[in-house]
Structure formats: C-alpha cells, structure tokens
Amino acid sequence: MATLELSEISVRFGGLQALTDVSFRVREGDIVGLIGPNGAGKTTVFNVITGVYQTSAGQVSYDGKPLRSLRPHKILALGVARTFQNIRLFQNMTALENVMVAQHCRTRAGVLGAILRSPAQKREEAVIREKSLQALDFMGLGAFAGELASNMAYGLQRRLEIARALATEPKTILLDEPAAGLNPAESRELMHTIGRISERGVNILMVEHDMKVVMGICRHIVVLDHGVMIAEGKPEEIQRDPRVIEAYLGNELN
Amino acid sequence: MTIRASKLWFGYAVAMAWFYVLLWPLLGIKAAGLEFAASFAIWSKVAVAAAICLVLYQVKQAGAFNFLTKPTERVGEAASAAFRRVPTWLSLAVVLALAVIFPLFTERYAHDVAISILVYIILGLGLNIVVGMAGLLDLGYIAFFGVGAYTYALLSVHFGLSFWLCLPIAASFSALAGCLIGYPTLRMRGDYLAIVTLGFGEIVRIVINNWMSLTNGPNGVLGIKPPGAYWFNGASLEHVWLNHLEQLYYIILALAVFTVLAVYRLNYSRIGRAFEAVREDQTAAELMGVNTLRIKLLAYALGAVFGGLAGTFFAARMQFVSPESFTFIESAMVLAMVVLGGMGSIPGVILGAVALIALPEVFRGFELYRMFVFGGVMAAMMIFRPKGLWPAKRLGARSEERE
C-alpha cells in the first residue's frame, strides 16, 4: 500500500517554528487538499516530504518506510514526485528533454553505454523517448515536444511541470498550487486532468488556493494555519468549520 | 535618423576621449617630463580611421551600398541553403578527409601548430563537459592535463611502460584525481566553486613543483619515450618509435576524433541530459530523481579523463614535462576556448581552439601588437557574438532532425 504518512512533524528554522505536530495521511487512491492562508507552512510540508528540509521532530513514512535522511532523488525513486509553486522547469531544454530527464531514476545506462551506443542503451533510449512522449500527450503537450521550455506560455509550462512529474512514474504526486495563474477555463481543464491522474492510480496531495478547484476534486482536506493543523475532514465539513472560517476571514466582531 | 546620428557621434567622441586618456599616460609620461606630441600623433591616426569607419557605417545604414550588399547577401543565403542540403555525414567526412591529408601538403611548422590545436581541442571538449554541459565553472582544469602528463612521464621513465598502455592508466589516474578534488568541492555552487577549483588547480601544480623525490620538481622529467609501434620491415616485425611530427599528428588526430565522438554521444544520452538538468536547476534536478552529487562528480571525472588523455600525448610529444606547462594561464586559455567557441557546442569548442591557437600564430608578423590584437578580438567577440562563434543548438531540436 503506497500510503504517505506524516506523524507529528515539526520543523524549526532557528527561532521560527514553521510546522508543529502535523500529522495526516495520503492513502491509496486519495486526493488530499492542503490549504491554509499564506505562510501557513504548506510548501514546507512538501519540502519535508520530498527531503529538501529535515524534520526537527516526527516522522514521514511512505509505504511504511521512514523517509528521514533520504536524499530527494531517493525519495523520488520510491515514487513520490512533485511540482513547484514557482515553475522550476529546465528553461533551456525542450519540453521533451524536460520530461526525459524525469526518467533518469527509472533507467540505468551509463557513460560507457552512451559512448559505445550499446544495444541496451539504444533500446533504453527508445523506451525513455516513448514514455516521455506519452507523458506529454497525456498532458496535451504532444505538439510542443520540440519547444524550449522558456518559450512556452505560462499555462503550458504549468502543464509541462505536471507531465515531468508524471514521467517519473510516481505512485504519489504532490502538486504545489497547480492552478496558480490559470484562467477559469484552464482551471476547469486542470481539475479534469487531476481526475484523470487519479484514475491512473496515482495518489494526489495538492496545495491550492483556488477553493473551487479544492472543493471540487479533493476527497479529504487538511487545513494549516501558522504551522499548526487546525482542521481535517471532508470538503463539506471543512467549509462549515468555524476555525477554518476564522483563519481565513478573521474573528467575528463582537 | 538625425537623433541616432548625433548619438553615434557623441559615442565616438566619448570613445576617443577615453582612448586618449588611456594612451597618453603610456606614451606621454616620461622621466624627463610630460610629452604630448607622440601620443597625439598616434591618437589622431586612430581617430581619423575610426571616423572613416563610422561614416562608412552610416552611409551603409542609409542604403548607399545596397547595390553591393544585396547581391552578396543573396549569394550568401543561397550558399548557406545549399550547404544545409548537404547531409551532415558528408560535410563531416570532408572535414575529416582534409584533416587526414593535411600533413601531406604542409611543413613541419604547420604540423606543430596543428598538433597543438588538436591537443587543445581535446582539452576544450573535456572542459566543455564540465562547464558547458554541467554548468560547473572550473578554473583549475589544467591540473588534470598535468596529472595525465606526469603519469605517463613517470611510468615511462621509471618503468618503461608503453604509451598505449599508459593512455588508459593516465585517464584513470586523472579520473581519480577528478573525484578526489571534486568530492569536497562540488558541494559548492557558482562563484565559490570557481575559487575552490582555482585553488585545487594550483595545489596540484605546486605539489608537482615541490615533490622533488618523485617529480624532480621544477627541473621536470626528461627522457620520456614517444609512442612506439610494430612495423613490418621486409620480413621481420620491428619496433619503431613514432617520433616524427606527421606520425604524432595522426595519433592526436585519432584521439581528437575519439573525443568528439564520445562527447557527442554523451550529449545525447541519459547522462548528458542529467548534466544539462543540473546546469539548468540543480534543486529541481535533484527533486526529479537525478543524484546531483554523483552526476557532478561524473562530469568532473569525465572532463578529467579527456584532460588526462591530452596530457599523456603532450608528455609523449614533448618527451619532457615540467610544472611550468600547467599554470593557471593554461586553464584560463582552455576556458576561453570553450566560452569563445560557444558553451556546450562541439563545433564551437573546436573553432574556439583553432582561433585561440592559430590566430596568435597568424599574427606573429605583428609580433609587438600580437597580444593587443588578440585581446581586441576577444573583446569584440564577446560584444558581437556573446553566445560564442558557433552557439550550441538545442539537443531536442537536433534529435527531432534525426527522425
């Protein structure tokens, strides 16, 4: 079971307590939304899961394996891929190359194979290409394979980030504000796409500010405020939760 | 138009004033007192020449030379279109054939220059893996050239090992040196990495310079054997030393062709893409499953391998090595070739090596002004073609073409 489990995660940066005792799970087949006001620590959660930050206390485990002290590329190899809030594509590479890089941890051809062009290397290269083109097609980017990432429109770059993450063949994908900067039509399409990703058997954890997107597709929602989990539950419950309303809108005047 | 013209002439006035301020102290300040005549004479010549160039430029902009430039442009376009229709393998074959027959039509001096160029091509392509592909600024690259050269020198002098056997040995030693130097330094990024590699490059040279018992210090190592070969002499197989320049030329040409092929294929491979990903965004590369530390170390070691191969040949060709050949200026020279030619571009690096070795030879006639012209050309290049003589094409675009 590819369950991602955070238990009592705390992260401190010097004197700043970024996260305090955060615990939740992303189960098989789940679409979990992680919401909260700006600075609540949502991206920090992603960075902890993917191994960019170390926890001060608590444990992240995946498939029952603790992820602590694993380097990011190892965590990715276990099947947890992510996208970035500020797009971090390889700007001077083409869309296809961006996606091909993501196959790195699933392939093994080395220097000698490359220099000698061994049959195994050629076969592998063909497979990488094939799978990468599939990932591009899945995100509707087939026509942009040869385009430089930096020349692509913003919405396409967002999609390319997801295609790149999918090409790592993840079992769980973390989407960091996938709808940021998208127009309503693009957001709707994104929701549809996220549904399709989920149908492929990929578990999804997403940070998102667009409530229409979050409430529309997430089956489970976790709310963070100032690094503390203030609520967790189904979308309908979250919408009625007074603590959540308070965190977003402030106290009622009385 | 008039505004543009006045701006142009204003720029001209500023440039000439600046030039005089630079020129006068050099020519005019003497022990006997201040002098203006000599500097003014030179300055006025330059000013007139520059003014003529500027006027010609303006006339050309106005379209007065269209009757001349338009047809030449058209011819140029037609030529380049025709050139594009020639398959790549054919043009490569022509270049290779020219390189192969080159020694038949030229003399000793040309052979000598060509050998230097080929050595620097290998060095440039090796450094290109580190700087152009993986984006790691390395200011101490020549250290690996030194490691390769000394490995062969010492093995040849003390143990009589042959050149051919020493090629892989020296390459492995250089790779090992690359890993040893890279392991602690590659955790750093950008400017810090540049400074630390500069330091390690110097450390290698200073160790070679001071390890008297092993390397004979500044006196260098003498009596290195040239490459050997077995040759049929009538009936019997006979061992000969390949110490003629043409023979050495063919050896280094073969090594250079191997290097070009290896780097080209690496460029296309999974490893090459990982190098580029690290260059573009190291954090994102790590998060997309690239073991960045290992990949950077690999880039460093691969660069070192080619440095080592070039070094082995260098020792065999000179039959003498000393630490003087491995100073910082050599690292800077190789780096200049990579940047001048176009980072990450194989033909660019080759062109850069040719330009930086052959141009000073061509300008030997100017002797006194050689380095001056050299510096001027470099500065002009960086202004007019900042991406290099032959900028790197995108990998993806190239692999699309293949289909």
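Naming: A, B, ... by sequence-line order, numbering from 1 per chain. The analysis underlying the following values was restricted to heavy atoms, covering all of them including side chains, and did not include hydrogens, waters or symmetry mates.
For Glu199(A) and Arg196(A), the salt-bridge test fails: no basic side-chain N is under 4.0 Å from an acidic carboxylate O. Ionic pairing of Arg273(B) and Glu276(B) is not present here: no N-O contact between side-chain nitrogen and carboxylate oxygen is shorter than 4.0 angstrom. Taking the charged nitrogens against the carboxylate oxygens, Arg158(A) and Glu186(A) have no contact shorter than 4.0 Å, which rules out a salt bridge.
Checked by atom type and distance alone, the side chain of Lys42(A) never pairs as donor or acceptor with a backbone atom of Leu224(A) at under 3.5 Å. Between the side chain of Ser56(A) and the backbone N or O of Arg12(A) there is at least one donor-acceptor pair closer than 3.5 Å. Side chain of Ser269(B) to main chain of Gly272(B): a donor-acceptor pair is present (N/O by atom type, distance under 3.5 Å, no hydrogens or angles). Although no hydrogens or angles enter the test, the distance criterion places no donor-acceptor pair under 3.5 Å between the side chain of Asn128(B) and the main chain of Val349(B). Of the possible donor and acceptor atoms, one in the side chain of Glu124(A) sits under 3.5 Å from a partner among the backbone N and O of Ala109(A). Within the 3.5 Å criterion, the main-chain N or O of Thr3(A) finds no donor-acceptor partner in the side chain of Arg27(A). Between the side chain of Arg159(A) and the backbone N or O of Met139(A) there is at least one donor-acceptor pair closer than 3.5 Å.
Contacts of Arg106(A) with chain B are absent, with no heavy-atom separation under 4.5 Å from either backbone or side chain. With a threshold of 4.5 angstrom between heavy atoms, Glu147(A) does not approach chain B through any atom at all. For a residue to count as touching a neighbouring chain, one of its non-hydrogen atoms must lie under 4.5 Å from one of that chain's; by this rule Leu76(A) touches chain B with the side chain only. Within the 4.5 angstrom heavy-atom criterion, only backbone atoms of Leu116(A) (N, CA, C, O) approach chain B. In this structure, chain B has a heavy atom under 4.5 Å from the side chain of Val52(A), while its backbone stays farther away. At a 4.5 Å heavy-atom cutoff, the contact between Thr168(A) and chain B is made by side-chain atoms alone.
Contact count versus chain B (heavy atoms, under 4.5 Å) is highest, among Arg82(A), Gln91(A), Arg164(A), for Arg164(A).
Remark: the Gln121(A) side chain and the Ser118(A) side chain contain no N/O donor-acceptor pair separated by less than 3.5 Å.
Residues of residues 164-190 of chain B never come within less than 4.5 angstrom of chain A, heavy atom to heavy atom. Close approach to chain A, defined as a heavy atom under 4.5 Å from one of its heavy atoms, is seen in Ala285(B), Glu286(B), Leu287(B), Met288(B), Gly289(B), Val290(B), Asn291(B), Thr292(B), Leu293(B), Ile295(B), Leu298(B), Leu302(B) of residues 285-304 of chain B, taken by number.
Ring geometry for Phe163(B) versus Tyr152(B): interplanar angle over 60°, hence perpendicular rather than tilted (30 to 60°).
Lys387(B) has its side chain out of reach of Met343(B): every pair of non-hydrogen atoms, C-beta onward, lies at least 4.5 Å apart.
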